[in-house]
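Just below is one structure, and these are the notes that go with it.
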2 protein chains.
Amino acid sequence: MKCKYAIKALINLAGNYQKGYVHTADIATEENIPKKFLEQILLDMKHAKIVNSKQGSKGGYYLLKNPKEVSVADVYRVFDGAIALLPCVSLNFYEKCDDCKDEKACSLRREFIKIREGSRLVMSKISIQSFLKPNKKLVKK
Amino acid sequence: MKCKYAIKALINLAGNYQKGYVHTADIATEENIPKKFLEQILLDMKHAKIVNSKQGSKGGYYLLKNPKEVSVADVYRVFDGAIALLPCVSLNFYEKCDDCKDEKACSLRREFIKIREGSRLVMSKISIQSFLKPNKKLVKK
DNA sequence: ATATATTCTACTTATTTGATAGAATTTATA
DNA sequence: TATAAATTCTATCAAATAAGTAGAATATAT
């Protein structure tokens with residue numbers, strides 16, 4: 001949910017990219033997200049340097065980077081942590097297996113790295129911009 | 001954990017493919033898995049038709065299918081459910097979004113299908129057999 | 001000053017996860 | 001046929017996580 005809400009919020013902010021501040025309340029109503037929950041989500045993304053904000057009257061949130069430069073992988077890592085299925089194959093959230101003696105020889109690790117790469121690559125290629133582009137329709141001859 | 005344990009157990013069973021029954025207790029000690037927990041895991045995989053068992057003395061578990069025919073995707077779905085990040089893009093665990101009016105027009109759905117396919121393809125290609133093959137070493141010239 | 005917005009901390013409730021416990025059932029075999 | 005050894009089933013538990021709520025604190029424009 002958090003990740004889905006986050007991406008919906010970012011799509012909304014992308015629509016207002018470089019056009020000023022957007023209120024949490026507006027995003028909440030437009031995207032059908034509980035307002036108080038969205039506040040937390042946006043704050044998390046501020047800490048992750050994906051968005052920025054201004055407090056007070058006429059304040060609000062705005063997208064820090066170009067929509068092309070914000071990938072689903074970036075957002076996923078903020079809210080769901082590692083893309084990898086095992087901590088020992090994670091690039092950003094690595095943790096050693098306590099039972100594993102020799103990582104280099106571990107076949108579990110060897111294969112799960114492939115899975116991580118499959119997911120990571122596709123999630124890195126999809127950006128907030130990707131959600132804005134309308135689905136291209138093929139014209140029949 | 002369940003999924004990891006399950007794959008370790010299957011690798012163990014694959015080593016005994018078509019060689020008779022293997023005791024849960026033996027797998028538990030060899031693979032360092034809590035025995036009672038492993039019992040549940042193996043039972044789940046029996047219900048999923050991945051392994052089969054015989055009760056009683058001289059009983060135990062055995063792999064039903066060729067190790068090549070059991071993919072990580074199969075195992076994942078038993079223990080973690082959908083590979084897809086959103087229920088509305090899942091092939092095996094589909095659920096409609098209650099807020100979504102037009103699925104075909106939903107850009108979230110369009111892009112998350114790509115993510116599902118990325119993960120699904122790589123997880124379908126890796127089988128229990130893949131874990132048995134030793135990592136090929138390149139010989140230096 | 002005041003209205004309006006974000007920020008921060010704490011809390012609640014429900015679900016999931018990892019694991020344990022023990023009785024019931026099945027089977028081989030002595 | 002009794003018994004030992006295995007799976008099967010159901011229930012339970014504690015800890016962690018997820019989804020969401022509440023309210024006070026802070027910042028800012030007017």
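These numbers come from the heavy atoms of this one structure, side chains and all, not from hydrogens, waters or symmetry mates. Quantities reported herein were computed from a predicted structural model and do not represent experimental measurements. So that the names make sense, note that chain A is the first sequence line, chain B the second, and so on, each numbered from 1.
Spacing between atom NE2 of H23(A) and atom C1' of dT6(C) amounts to 10 Å, rounded to whole angstrom units. The interatomic distance linking Y5(B) (OH) with dA19(C) (C1') rounds to 9 Å, in whole Å. Residue N52(A) contributes atom CG, which lies 18 Å from atom P of dA5(C) at whole-angstrom precision. The distance from atom OH of Y21(B) to atom C1' of dT7(D) is 12 Å, rounded to the nearest whole Å. Regarding Y61(A), its OH atom lies at a distance of 19 Å from the P atom of dT4(C), rounded to whole Å. Atoms NZ (K58(A)) and P (dT6(C)) sit 14 Å apart, rounded to a whole Å. Remark: C1' of dT7(D) and CD of Q40(B) are 13 Å apart, rounded to the nearest angstrom. Taking atom CG on D80(B) and atom P on dT17(C), their separation rounds to 7 Å, with Å as the unit.
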Legend entry - I50(A) and L64(A): CA distance, side-chain angles, deciding distance, side-chain contact (heavy atoms from CB on, under 4.5 Å) verdict: CA-CA 6 Å; I50(A) 294 173; L64(A) 257 183; over 6 Å; no
Legend entry - Worked verdict on R120(A) versus E117(A) for salt bridge (charged side-chain N to carboxylate O under 4.0 Å, His left out): CA-CA 5 Å; R120(A) 197 183 65 79; E117(A) 279 309 283; 2.8 Å; yes
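Side-chain proximity of L43(B) to the nucleotides dT8(D), dC8(C), dG20(D) is greatest for dT8(D). Across dT6(C), dA19(C), dT27(C), the shortest atom-to-atom separation from the side chain of K54(B) is found for dT27(C). For Q55(A), the side-chain atoms get nearest to dT6(C) when compared with the rest of dT28(D), dT6(C), dT27(C). Comparing atom distances between the K36(A) side chain and each of dT20(C), dA27(D), dC8(C) picks out dC8(C) as nearest. Here dT8(D) is the nucleotide among dA11(D), dT29(C), dT8(D) with the atom lying nearest to any side-chain atom of S53(B). Considering only side-chain atoms of E39(B), the nucleotide from dC9(D), dG20(D), dA5(C) that sits closest is dC9(D). Checking dT8(D), dA19(C), dT7(C) against the side-chain heavy atoms of K46(A) singles out dT7(C) as nearest.
Residue-to-nucleotide proximity on DNA chain D shows that, of F37(A) and G56(A), the 5′-proximal contact is made by F37(A). Both H47(A) and S57(B) lie near DNA chain C, and the one whose nearest nucleotide falls closer to the 5' end is H47(A).
The shortest side-chain heavy-atom distance between V122(B) and V72(B) does not fall under the 4.5 Å cut-off.
Among the heavy atoms of the strands, none lies under 4.0 Å from F79(A).
In summary, the side chains of S119(B) and S119(A) do present a donor paired with an acceptor at a separation below 3.5 Å, with no hydrogens or angles considered.
Side chain of R110(A) to backbone of S130(B): a donor-acceptor contact under 3.5 angstrom is found.
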